[in-house]
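This report concerns only the one structure given below.
Atoms considered below: every heavy atom in the structure, side chains included; atoms not considered: hydrogens, waters and symmetry mates. Worth saying up front: this structure is predicted, and the values here are computed from it rather than measured.
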Amino acid sequence: MIEQNTEAFLPDVWEGAVMEPNGPDASRVAALMETLLEEHGAPRCREALARFVIERLPPGPLYIHGCGTHSRLLLSLLAANRPDIVVCGMLDRLATEGTNFAGLPVQRPEELTLEEGAKILVAHTSFEGEMVRSLLAAGIPNEKIIRTYSSRAFADVADGTVPEIPLPRTGDPLSMIVSCSNVGIVSDEHLLTIFPADQTVYIHMGRQDCFTPHPYFRSFDLLESVRNLIEAIRNFKPRVVYIRPIIYKNYLPALVKYFCPQTRVVAEYYDFTFLWTTQDLISLFGLDQVSIAMLKSSEYVGTRILDYILSKRGGPEWQYLTSDWIVKTELYFPLVSEFHQDNPKISAIRDFAYAGFLPSPKFLRQFNTGYNFLSDLQVLCKNHDFKAIIYNSGHTEENFEESFTAYYKTFSGDPIAYRGRIPYEELMVQLQTIRYGWLCEHWTGFQGDRHVGVCNRWTGYVSAGIPVLIDAGWRFMGALVRRFEAGIIVEVFTPDAIAAAVQAADHDRLRQGVKALRRHLIEHNEATMTKLAAIVAAGSLHITDTVP
């Protein structure tokens, strides 16, 4: 049963997409796809970037937009090769007073006063368009902005840098898995049951420094070049292309299908932009109104022209929302497994564990996101003699920020301990000593994904066999917890109310409910994989002539 207020919200999730309300207009789709190809066609290649810096940048004073690992690479290339260029400072949308980067002052684009002769270099593998538009909005003249990956000059120096994919020796049509990151819904082990290793090519479309040869499949790095991916598909002629985009690359499945219409395309969407609020997409992912509209439009076109869609979403509200999609969409619960070391005799060491992504304290101070439970957890533990632990999956060695160290100082051990990311198998072992998995946050506005989505924190707790403490805003997951009596639904998010609910619960009964829920999720995933295998083997679900 869908609540009336949900019906009022759901039709508006496509707001901002540049599509017609009754379906995609062919000319607008064509313009969208050409724009995406232009912005994302060139490879993001260190060797080509070095040539661009050495051969194509004009001398003189220069600012660099962005403060990350890519900008550090730019600074090193400039220092080693271009003494005629003086970097005056850095620009970043998150800059605060007194911020510096690599010894250089950092300003927001709207704060910059550009001296005569100075230019701004914009170079980002994913968000170059957003950066350029922020500069234009700040009043920077277009002629003062030097684009990198979206420029003709870069395309010229990058020509020939992408490795060719050898055609299969047998001549038989094989399959292709295209992945933009190491984040996925269906595990590689499960994909291996559908895509045999000797008949599958794995294409990396993420950052160059994140590429490692795949342990199962022959793998190639196309350096994020959409143009080269399309060319490879046309030459390779795979019988099916399985695409795993990341949210800011959700244009990829529809783009591939548009330019390779005879290819069967299965999309595994980890997130959808149309289920997030505009403010969250801007704050959390660095998108802007233009890129949000293009991504929403690409997703909308995908619901018309793709061959199959997998996502981690379900329930009556999702069925309502997808009822007019032409493409079949199926739910898959991510990272669900039956943890075989589950041992009820292990005594609990802590009452609660939060195991998932947690932004830095600095980020949380700047943006009002859903990760706002820490103060309540502190009060709960202090006032009611509970103990908790935090495992921050976002705190890795590669992503170590000094601001994360504040968590160690704040959560030094008792009553709350803090840990960075640990291997998943180790996490499953440690969760055996926890009574409840924490999934409670404050939400003041509508967030569509909370109504229909499944998060990895939840499936991790269920896989470990521990009951879930979940706020009522998680509608689909909460319904499953309630149905199987697998945890506590927090209707009133206050420390006292949570303490009362925990103290009144029958923990042993909830543990049995979690095991039943886990079996249900595993059986559902097995059924989904059977359907996917049939689709891969049999062919397209539909024939569409929506776009050429």
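- With hydrogens and angles ignored, the 3.5 Å screen pairs a side-chain donor or acceptor of Ser219 with a backbone N or O of His214.
- When all heavy atoms are compared, the tightest approach of Cys67 to Val106 is SG-CG1, 3.7 Å.
- Legend: residues meeting side chain to side chain donor-acceptor pair (under 3.5 Å) with His520, ordered by chain and number and at least two apart, are absent.
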Donor-acceptor contacts under 3.5 Å from residues 487-497 side chains, at least two apart:
{"from": "Glu491", "atom 1": "OE2", "to": "Arg482", "atom 2": "NH2", "distance (Å)": "3.3"}
{"from": "Thr494", "atom 1": "OG1", "to": "Ala497", "atom 2": "N", "distance (Å)": "3.2"}
{"from": "Asp496", "atom 1": "OD1", "to": "His384", "atom 2": "NE2", "distance (Å)": "2.9"}

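- Nearest heavy-atom pair, Ile416 versus Cys381, reported as atom, atom and distance to 0.1 Å: CG1-SG, 4.0 Å.
- Residues satisfying the salt bridge (Lys or Arg N to Asp or Glu O under 4.0 Å) test with Arg519, not counting sequence neighbours, are Glu338.
- In terms of the side chain to side chain contact (heavy atoms under 4.5 Å, CB included) criterion, residue partners of Glu485 (sequence neighbours excluded) are, by chain and number, Arg509.
- Between Arg313 and Asp271 there is a salt bridge, with a side-chain nitrogen of the basic residue lying less than 4.0 Å from a carboxylate oxygen of the acidic one.
- Applying the side chain to side chain donor-acceptor pair (under 3.5 Å) rule to Trp458 yields no partners; only residues at least two apart in sequence or on another chain are considered.
- One distance of note links CG of Leu335 with OH of Tyr424; it measures 5.0 Å at 0.5 Å rounding.
- Between Phe274 and Trp318, the ring-plane angle classifies as parallel under the 30° and 60° cut-offs.
- Ser291 and Asp288 share a side-chain donor-acceptor pair at under 3.5 Å.
- Using modelled atom types, one finds a donor on one side chain and an acceptor on the other under 3.5 Å when comparing Glu299 with Thr273.
- Applying the side chain to side chain donor-acceptor pair (under 3.5 Å) test to Ser179 and every residue at least two apart in sequence or in another chain returns Tyr202.
- Among Leu377, Ile498, Leu380, the one residue that satisfies the side-chain contact (heavy atoms from CB on, under 4.5 Å) test with Phe386 is Leu380.
- For the pair Leu275 and Gln447, the tightest heavy-atom approach, listed with the atom from each and the gap, is O-OE1, 3.6 Å.
- Proximity of the aromatic rings of Tyr436 and Tyr461 is defined here by a centroid distance below 6.0 angstrom, and this criterion is not met.
- Checked against a 6.0 Å centroid threshold, the rings of His124 and Tyr149 do not count as neighbours.
- In this model, no donor atom of one side chain and acceptor atom of the other lie less than 3.5 Å apart for Thr459 and Asn456.
- Residue pairs meeting the salt bridge (charged side-chain N to carboxylate O under 4.0 Å, His left out) criterion with at least one partner in residues 373-385, sequence neighbours excluded, do not occur; the list is empty.
- Between Phe285 and Trp276, the ring-plane angle classifies as perpendicular under the 30° and 60° cut-offs.
- For the atom pair CG (Leu74) and OG1 (Thr148), the distance works out to 6.5 Å, reported to the nearest 0.5 Å.
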Next item on the list: Would you sort out whether Leu252 and Val178 count as a side chain to side chain contact (heavy atoms under 4.5 Å, CB included), showing the intermediate values?
Entry: CA-CA 10 Å; Leu252 199 54; Val178 179; 4.2 Å; yes
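- Between the side chain of Ser337 and the backbone N or O of Ser463, no donor-acceptor pair lies under 3.5 Å.
- Under the side-chain hydrogen bond (donor to acceptor under 3.5 Å, both in side chains) rule, Tyr391 has a single partner from Glu426, Arg419, Gln430, which is Gln430.
- Residues passing the side chain to side chain contact (heavy atoms under 4.5 Å, CB included) test with His190 are Val186, Ser187, Tyr332, Met529, sequence neighbours excluded.
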Item checked: Criterion side chain to side chain contact (heavy atoms under 4.5 Å, CB included) on Thr410 and Gln378, from CA distance to verdict -> CA-CA 10 Å; Thr410 304; Gln378 288 176 282; 3.7 Å; yes
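- Checked against side chain to side chain contact (heavy atoms under 4.5 Å, CB included), Lys387 has the following partners two or more places apart in sequence or in another chain: Arg350, Asp351, Asp414.
- More than 12 non-hydrogen atoms from other residues, nucleotides or ligands lie less than 6.0 angstrom from CZ of Arg93.
- Taking all atoms of both residues into account, the shortest heavy-atom contact from His70 to Ala123 is ND1-O, 3.2 Å.
- Close placement of the His524 and Phe333 rings is indicated, their centers lying within 6.0 Å of each other.
- Between Glu224 and the options His204, Lys249, His40, Gln208, a side-chain hydrogen bond (donor to acceptor under 3.5 Å, both in side chains) holds for only Lys249.
- Here the closest heavy-atom approach between residue Arg72 and residue Ala102 is recorded as NH1-CB, 4.1 Å.
- Remark: Arg133 fails to qualify as a cation-pi partner of Phe127 under the 6.0 Å distance and 45° angle criteria applied to the six-membered ring.
- Under the side chain to side chain donor-acceptor pair (under 3.5 Å) criterion, Tyr269 pairs with no residue at all, not counting sequence neighbours.
- Judged as a salt bridge (Lys or Arg N to Asp or Glu O under 4.0 Å), and not counting sequence neighbours, the contacts of Arg457 are Glu441.
- The salt bridge (Lys or Arg N to Asp or Glu O under 4.0 Å) check on Asp209 picks up Arg207, with sequence neighbours excluded.
- Ion pair Asp188/Arg244 flagged as a salt bridge, since at least one NZ, NE, NH1 or NH2 atom sits closer than 4.0 Å to an Asp/Glu carboxylate oxygen.
- Nearest heavy-atom pair across Phe476 and Gly314 is CG-O, 3.4 Å.
- Defined by atom type and a distance below 3.5 Å, a donor-acceptor pair is present between the side-chain atoms of His65 and Ser134.
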